[in-house]
Structure formats: structure tokens, C-alpha cells
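All ligand and atom numbering here is 1-based and tracks the order in the structure. In what follows, residues are counted from 1 in the order of the sequence shown.
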Amino acid sequence: MILGLTGGIATGKSTVAAMLKERGAVLIDADQVARDVVEPGTEGLERIRERFGNGVIQEDGRLNRAALGKIIFKDEALRKELNRLLHPLIMEEMQQRTGSALAKNPHAIVIWDVPLLIEENLTQFVEKVIVVYVPESVQLQRLMKRNALSEEEARERMAAQLSIEEKKRVADFVIDNSDSLEMTERQVDQLWNYLTLKSGSNQP
Ligand SMILES: CC(C)(COP(=O)(O)OP(=O)(O)OC[C@H]1O[C@@H](n2cnc3c(N)ncnc32)[C@H](O)[C@@H]1O)[C@@H](O)C(=O)NCCC(=O)NCCS
Ligand SMILES: Nc1ncnc2c1ncn2[C@@H]1O[C@H](COP(=O)(O)OP(=O)(O)OP(=O)(O)O)[C@@H](O)[C@H]1O
């Protein structure tokens, strides 16, 4: 069983993903895969160097994420170009990791944690869509705090994605993460019970 977990930037995807992992889900994190495919020596990093120049590569040969972020969150055309360069590499790696997980355990509950699941039409690859929701005002506050961003920078990043309200409309399951972590845990427990029943898995 493959499920998509998404939400807006800083609505709490990683928080909910960690809770699902604790309960036994196999987690495939697109942000992590996106990091892995641009490690030094990869085709991903070479693609970025060719298009964006050495200004986004650090002295130690690693990607300067802050520098690239500054460029692409301000400019939609450049962001789309970066997506075009990296997304096929990210997708291939995610499919591969999913294949190995299901080969090991055909009953595994595999969660794809993908911020752009809906924007990039990846819902076709998953059975159900889980959206981690908080109202936009909470999203803005959490994003500014976590990434030490100004309100303008945080709004720019939020504008690079479909709004959380629109994502909520596409969801099969909504986890409301605007209250305490305990309240979120409770919703995750309910969801997990349903998923284990449906997948026929006996995971703890
Ligand atoms: C631009 C980069 C280097 C900035 O790195 P940084 O470490 O500051 O951020 P990080 O990767 O942790 O992403 C934080 C959040 O930003 C949002 N985000 C990232 N990339 C994008 C994008 N292309 N479009 C819209 N939102 C994005 C996501 O919500 C993500 O969870 C990095 O985000 C990147 O390589 N993005 C392109 C790959 C991509 O699309 N990743 C998203 C998962 S498919
Ligand atoms: N219920 C909650 N109450 C208060 N703070 C929370 C709660 N859930 C998450 N947070 C905080 O909000 C921030 C965003 O959460 P998290 O990193 O899980 O979001 P995300 O959706 O994975 O973000 P991104 O899209 O950037 O990957 C973090 O600083 C986290 O500690």
C-alpha cells in the first residue's frame, strides 16, 4: 500500500511522517531524496552546476542550498527549470526505494512524504492522499520561526506552492496539526488503525 503525505511548507509533514514511522510505516521522504540526488559526484549536482553556475556550489563541492533557495523561491521560471532538472531523478529514486520496501514486505505501508505531491500530479502513484493541515496564519508563524525568515520571505515560499486550503480539498484524509502534538498523535492513531486494517498488515 502506497500513500501520499503532503501539506504546505511547515504545516507539519515531517512531524506526522515521524509519527507514522514510529507506528511501523516505511517512510520515503522526497526532501531527503532531493538531497541525496545532488550529493557531490551525482548527475543531479552536475545538472545544477551547468544551469545555475558555480555560484550555487560551495568550496567543499556541495550544493549551497541557501543560495539556490534564494534564487528559485523568488523566480517561478527558474524554479520550474530546477524542478525539470531534478524531479525525474527524484521520482526514479523514490520508485526504486518503494520497490525494495515492497519486495521485502509486500504488506508494508509505504508513505511518500512529498511537499509537491498535488502540484506535480504525483497523486496518480499513490492510493490515498493524506494532507497535514494548519490554517495559513499558523503556517506563516511556524515557517518564520523554524527557518528564521522575514514575513516577506516566508510568504514567498508559501506562494511557491498550492495553498493549504486547496490541498485540503484534494485530501482523502486530513490531519489537523494546528493544536498540540498530542492531538495530532490521536489523529495519527486513528488513521494508523484504519490503514493496518485495510492493508492486512500486522505491524505494531
Ligand atoms: C532549493 C533548495 C536547494 C532549498 O533547500 P533548503 O534546504 O533551503 O530547503 P528544503 O530542501 O529542506 O525544502 C524545504 C521545503 O521547501 C519547499 N520546496 C522545496 N523545493 C520546492 C520547489 N521546487 N517548489 C516549491 N516548494 C519547494 C518544500 O515544502 C520543502 O519541504 C531545495 O529545496 C531543492 O533542491 N528543491 C528542488 C527539489 C524539490 O522540488 N524538492 C521538493 C520535493 S520534490
Ligand atoms: N502541533 C504542533 N505545535 C507546534 N509546533 C509544531 C507542531 N507541529 C509541528 N510544529 C513545528 O512546526 C514546524 C514545521 O513542522 P515540520 O518541519 O514537521 O513541517 P513540514 O511540513 O515537514 O515542513 P517542510 O515543508 O518545510 O518540510 C517545525 O518547527 C515543528 O517543530
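In the model, T98 has a side-chain atom that pairs as donor or acceptor with a side-chain atom of W112 under 3.5 Å. Side-chain N/O atoms of T184 and Q187 include no donor and acceptor closer than 3.5 Å.
Neither the backbone nor the side chain of V114 has a heavy atom within less than 4.0 Å of ligand 1. Contacts between L116 and ligand 1 below 4.0 angstrom, taking non-hydrogen atoms only, involve the side chain exclusively.
Heavy-atom contacts from other residues, nucleotides or ligands closer than 6.0 Å to CD of E59 number 12 or fewer.
Hydrophobic clustering, with ILVMFWY side chains joined whenever heavy atoms are under 4.5 angstrom apart, keeps L116 apart from V129.
Between R97 and E93 there is a salt bridge, since at least one side-chain N of the basic residue sits less than 4.0 Å from a carboxylate O of the acidic one. Under the 4.0 Å criterion applied to side-chain N and carboxylate O atoms, R23 and E185 are assigned as salt-bridge partners. For E153 and R157, the salt-bridge test fails: no basic side-chain N is under 4.0 Å from an acidic carboxylate O. With respect to the salt-bridge test (charged N to carboxylate O, under 4.0 angstrom), the residues E182 and R186 do not qualify. The pair R155-E151 meets the salt-bridge criterion, since a charged nitrogen lies less than 4.0 angstrom from a carboxylate oxygen.
The shortest contact between atom 41 (N) of ligand 1 and any protein heavy atom is with A34 CB, 4.1 Å. Of the protein's heavy atoms, F73 CZ, 4.1 Å lies nearest to atom 20 (N) of ligand 1. Among all protein heavy atoms, the one lying closest to atom 8 (O) of ligand 1 is R157 NH1, 4.0 Å. Nearest protein neighbour of atom 24 (N) of ligand 1, counting heavy atoms only, is R79 CD, 3.5 Å. In this structure, the protein non-hydrogen atom closest to atom 15 (C) of ligand 1 is I9 CD1, 3.7 Å. Residue, atom and distance of the protein heavy atom nearest to atom 17 (C) of ligand 1 are Q161 NE2, 3.4 Å. The single protein non-hydrogen atom nearest to atom 9 (O) of ligand 1 is R65 NH2, 4.4 Å, given as residue, atom name and distance.
The closest donor-acceptor contact from the side chain of N177 to the backbone of T11 lies under 3.5 Å. One N or O on the side chain of D29 and one on the backbone of Q32 form a donor-acceptor pair closer than 3.5 Å.
With atom 44 (S) of ligand 1 as the reference point, the heavy atom nearest to it among Q32, R35, H87 is part of H87. In this structure, of L85, L162, I72, the residue bringing a heavy atom nearest to atom 1 (C) of ligand 1 is I72.
Within the 4.0 Å cut-off (strictly below), a protein heavy atom is located near atom 37 (C) of ligand 1.
Annotation: ligand 2 has protein neighbours G8, I9, A10, T11, G12, K13, S14, T15, D31, R142, R146, N177, D179, S180, L181, each with a heavy atom less than 4.0 angstrom from the ligand.
Shown here are the salt bridge (charged side-chain N to carboxylate O under 4.0 Å, His left out) partners of E119, two or more places apart in sequence or in another chain: K167.
Every atom of ligand 1 is numbered from 1 in the order shown, and the set under 4.0 Å from a heavy atom of D31 is 30 (C), 31 (O), 42 (C), 43 (C).
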| task | Evaluate the salt bridge (Lys or Arg N to Asp or Glu O under 4.0 Å) criterion for residues R49 and E46: first the C-alpha distance (whole Å), next the side-chain angles of each, then the deciding distance (0.1 Å), finally the verdict. | result | CA-CA 5 Å; R49 189 199 303 276; E46 275 323 297; 3.3 Å; yes
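Here's the thing with N83: one of its N/O atoms is less than 3.5 angstrom from an N/O atom of ligand 1.
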